[in-house]
There are 2 protein chains.
Amino acid sequence: MLKKERHDFIMRQINLHNRVLTSDLVQLLTVSEDTIRRDLQELVDANLLYKVHGGALSKSYHSSFDDSTVYARDSKIVIAKKAINLIKDGMVVLTGGGTTILELVKQLPQGISATFFTISPLVAVELAKYNNVEVILIGGLFSKNSQVTYGGQVIAQLSEIKADLCLMGTSAIHPEEGLTDTYWEINQLKKAMLACAKRTAVLCISEKLDIALRLRVCPLESISYLITELDINDEALSRYREKELNIL
Amino acid sequence: MLKKERHDFIMRQINLHNRVLTSDLVQLLTVSEDTIRRDLQELVDANLLYKVHGGALSKSYHSSFDDSTVYARDSKIVIAKKAINLIKDGMVVLTGGGTTILELVKQLPQGISATFFTISPLVAVELAKYNNVEVILIGGLFSKNSQVTYGGQVIAQLSEIKADLCLMGTSAIHPEEGLTDTYWEINQLKKAMLACAKRTAVLCISEKLDIALRLRVCPLESISYLITELDINDEALSRYREKELNIL
DNA sequence: AATTTAATTGCAAAAACACGCAAAAACACG
DNA sequence: CGTGTTTTTGCGTGTTTTTGCAATTAAATT
């Protein structure tokens, strides 16, 4: 392998994961540590990355990691970590869009091997960073508000899918009313997603609890898992615990 | 073996594998290292490949390196500005992916009113920022390399579309060979895109000129517009001017 | 503070490279 | 056809680049 190719490989890794470990590169490229160190040093000289003890970081790392713009990011990370346990190798997973799902995808373990269907372009792009993940983007009209595809075509395609697990964000959840939404199209979409998955996990930051909106998606019983950032025994969840669903 | 034959052989190897080792060529062509080096140097002078220690790399293999400062961004903006003139209100436009197209979308005038079909999630997200634009994302398998959807499903959907204009980036263009590509799937995809648009504009930074890769997409005559960052009368375009296509 | 882990430095061998030179082949032209 | 010129090619020599190893230093971990 030519040096230039190694450099390209390293830069691809960096741009993909924002970071890279010297030891990983040694294995992946089967060269000595010294060579990798020299490569990294040369890339630093070319101003293409930061070097740190143990590896290197992307130059855009600081800007991309510090997206404190994402509302309640910490909570979403907690939720993501819980949800990841539901995903097993070989599964077919269907996901919606939204920042919570996106956070989940970013937290996935490197080696994960699964098939993902998604209606969110951003989720698709993020999923594509995992080598052993097959990504199928469900196409259709693209919604400017929710940044997902929707409409008849999407629903038609969903009807042909059989997924093991559906992960969806939520606008509102209520112990009696179940899942609800404001927009007709999104409502239809969620129904279709529920219909094609064996199990559904709803990712929900606590402040969306106990809210009921105009349109009903499904009763609580249709959901398999409710995942919040709260402790399982938290008071706020008591009315949900009485229902037929797992709380994580 | 004649020198020209050796050169052709080397270029075939390069276009096939994106790279070539000096030592391999010495063996394959049974000539001395010096001859190979001279050959490579001449091909570099003719602007047909990159030379690196140990061998040479394809020019088109300009890997998605430094994506913080998108490669040749200035050129791409010039191209974008030219291409935008082709888009009229009310049109149905089909776009591919790639950084050039993405730059074009970012340069669109705010008030633009049109319908866009696209196979690129990133383009879709960017297009969604324009209020009067309807965005339809064509779904299917998502390619980790080229960041577009591809495969049978995409082609099937494309066959149902009738677009006024197709905007596509390019890996390589050649006055005799026309548009060419390295990957089968992408090749099929581009063919399908061409087939469903009345006119096609190819966006191409000048360094991709005069390169022919393994798989043929279409002859030059199938393209309506060739858009580069160069002046229309630039010498480098002379061989394209002779053909049946508009150069912008 | 002790131990493990990663970085740095200098060194040496191998590989790749550049340059000049000369033999051979191809070419030009009266 | 003969002679002079250019092109092409391989070889020898010296230089540079690349790479791994060993010894030392620095950083993190406990």
Side-chain angles (χ1 to χ4, degrees), chain A residues 1-62 64-66 77 81 107 109-111, chain B residues 1-66 68 207 210:
Chain A
M1 170 163 287
L2 298 161
K3 184 157 84 151
K4 171 87 167 123
E5 291 181 298
R6 271 201 325 267
H7 285 194
D8 285 353
F9 182 90
I10 294 172
M11 285 312 296
R12 249 200 312 284
Q13 292 291 314
I14 288 259
N15 287 332
L16 233 50
H17 306 120
N18 281 324
R19 68 185 206 125
V20 82
L21 303 180
T22 310
S23 53
D24 286 355
L25 289 174
V26 168
Q27 289 219 310
L28 288 166
L29 297 170
T30 49
V31 289
S32 74
E33 283 196 359
D34 305 69
T35 303
I36 294 297
R37 293 226 176 77
R38 270 187 285 250
D39 284 344
L40 292 178
Q41 188 54 53
E42 282 160 33
L43 291 169
V44 166
D45 293 344
N47 226 316
L48 292 170
L49 47 73
Y50 283 121
K51 206 147 93 68
V52 295
H53 200 95
L57 296 174
S58 159
K59 288 206 74 185
S60 52
Y61 171 79
H62 291 297
S64 88
F65 191 61
D66 177 39
I77 291 177
K81 294 239 163 92
Q107 304 284 331
Q110 258 313 304
Chain B
M1 170 164 291
L2 296 151
K3 183 153 85 151
K4 173 82 168 117
E5 290 181 294
R6 273 201 323 268
H7 285 196
D8 287 351
F9 181 88
I10 294 172
M11 285 313 296
R12 251 201 314 284
Q13 292 292 313
I14 287 262
N15 288 334
L16 223 54
H17 305 117
N18 276 325
R19 68 170 239 194
V20 83
L21 303 181
T22 310
S23 54
D24 286 356
L25 289 174
V26 167
Q27 290 219 311
L28 288 166
L29 298 170
T30 48
V31 287
S32 74
E33 284 195 0
D34 304 69
T35 304
I36 294 298
R37 291 223 179 78
R38 270 186 285 251
D39 284 343
L40 292 179
Q41 188 53 54
E42 283 159 32
L43 291 169
V44 166
D45 294 343
N47 224 324
L48 293 171
L49 47 72
Y50 265 112
K51 208 148 91 68
V52 296
H53 198 98
L57 295 172
S58 157
K59 265 209 308 169
S60 67
Y61 174 67
H62 221 302
S63 70
S64 53
F65 216 69
D66 192 3
S68 50
E207 67 182 35
D210 303 333

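All chains are named by letter (A, B, ...) in the order of the sequence lines, taking the proteins before the strands, and each is independently numbered beginning at 1. What you see is a predicted model; the values in this text were computed from it and never measured.
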Find out whether B:T30 and B:M1 are in side-chain contact, i.e. whether some heavy atom of one side chain is under 4.5 Å from a heavy atom of the other.
no

B:K4 NZ to D:dT8 P, straight-line distance once rounded to whole Å:
13 Å

Just so I know, are the side chains of A:L57 and A:I14 near enough to count as touching, which here means a heavy-atom distance under 4.5 Å?
no

Distance in angstrom units between A:H7 NE2 and D:dT17 C1', rounded
12 Å

What does C:dA28 pair with, Watson-Crick or G-U, if both distances are under 3.5 Å?
D:dT3

Would the distance check show the side chain of B:K59 and the main-chain N or O of B:N47 forming a donor-acceptor pair, the cut-off being under 3.5 Å?
yes

Give a yes/no on whether any side-chain N or O of A:K51 is located under 4.0 angstrom from OP1 or OP2 of C:dT8.
yes

Quick one: are B:V44 and B:Y50 in side-chain contact, heavy atoms under 4.5 Å?
no

Let me know the distance between CE of A:M1 and P of D:dT18, rounded to the nearest Å.
15 Å

Is there a residue in residues 23-34 of chain A whose heavy atoms reach under 4.0 Å of DNA chain C, and which residues are they?
A:D34

Spacing of B:K3 atom NZ relative to C:dA25 atom P, expressed in whole Å
18 Å

Any A:T35 side-chain nitrogen or oxygen under 4.0 Å from OP1 or OP2 of D:dT18:
no

Of all the choices, D:dT19, C:dA6, C:dC17, which nucleotide is nearest to the side chain of A:R6 once you look at every atom?
D:dT19

Are B:D8 and B:K4 close enough for a salt bridge, meaning some N to O gap below 4.0 Å?
yes

Specify the separation, in whole Å, of atom CD of B:E42 and atom P of C:dA18.
13 Å

Polar-atom pairs under 3.5 Å, protein N or O versus N or O of nucleotides 24-30 of chain D: list them with distances, or write none.
none

Under a 4.5 Å cut-off applied to non-hydrogen side-chain atoms, are B:Q41 and B:R38 in contact?
no

Within this structure, what is the CD-to-C1' distance between A:E5 and D:dT18, rounded to whole angstrom?
15 Å

If you count heavy atoms of other groups shown closer than 6.0 angstrom to NZ of A:K51, is the number above 12?
yes

Partner nucleotide, any strand, of C:dG10 [Watson-Crick/G-U, under 3.5 Å]
D:dC21

Hunt down the Watson-Crick or G-U wobble partner of C:dC21, both distances under 3.5 Å, from any strand shown, or write none.
D:dG10

What is the distance from CZ of B:R37 to C1' of D:dT16, rounded to the nearest Å?
12 Å

Quiz question: going by heavy-atom distance under 3.5 Å, is there a donor-acceptor pair between the base of D:dG10 and the side chain of B:R38?
yes

Regarding B:E33 and B:R37, does a basic nitrogen lie under 4.0 Å from an acidic carboxylate oxygen?
yes

Got a salt bridge between A:E5 and B:R19, using NZ or NE/NH1/NH2 to carboxylate O under 4.0 Å?
yes

For a 4.5 angstrom cut-off between non-hydrogen side-chain atoms, does B:L49 reach B:I10?
yes

Check the distance between D:dT9's P and B:L40's CG and give it to me in whole angstrom.
13 Å

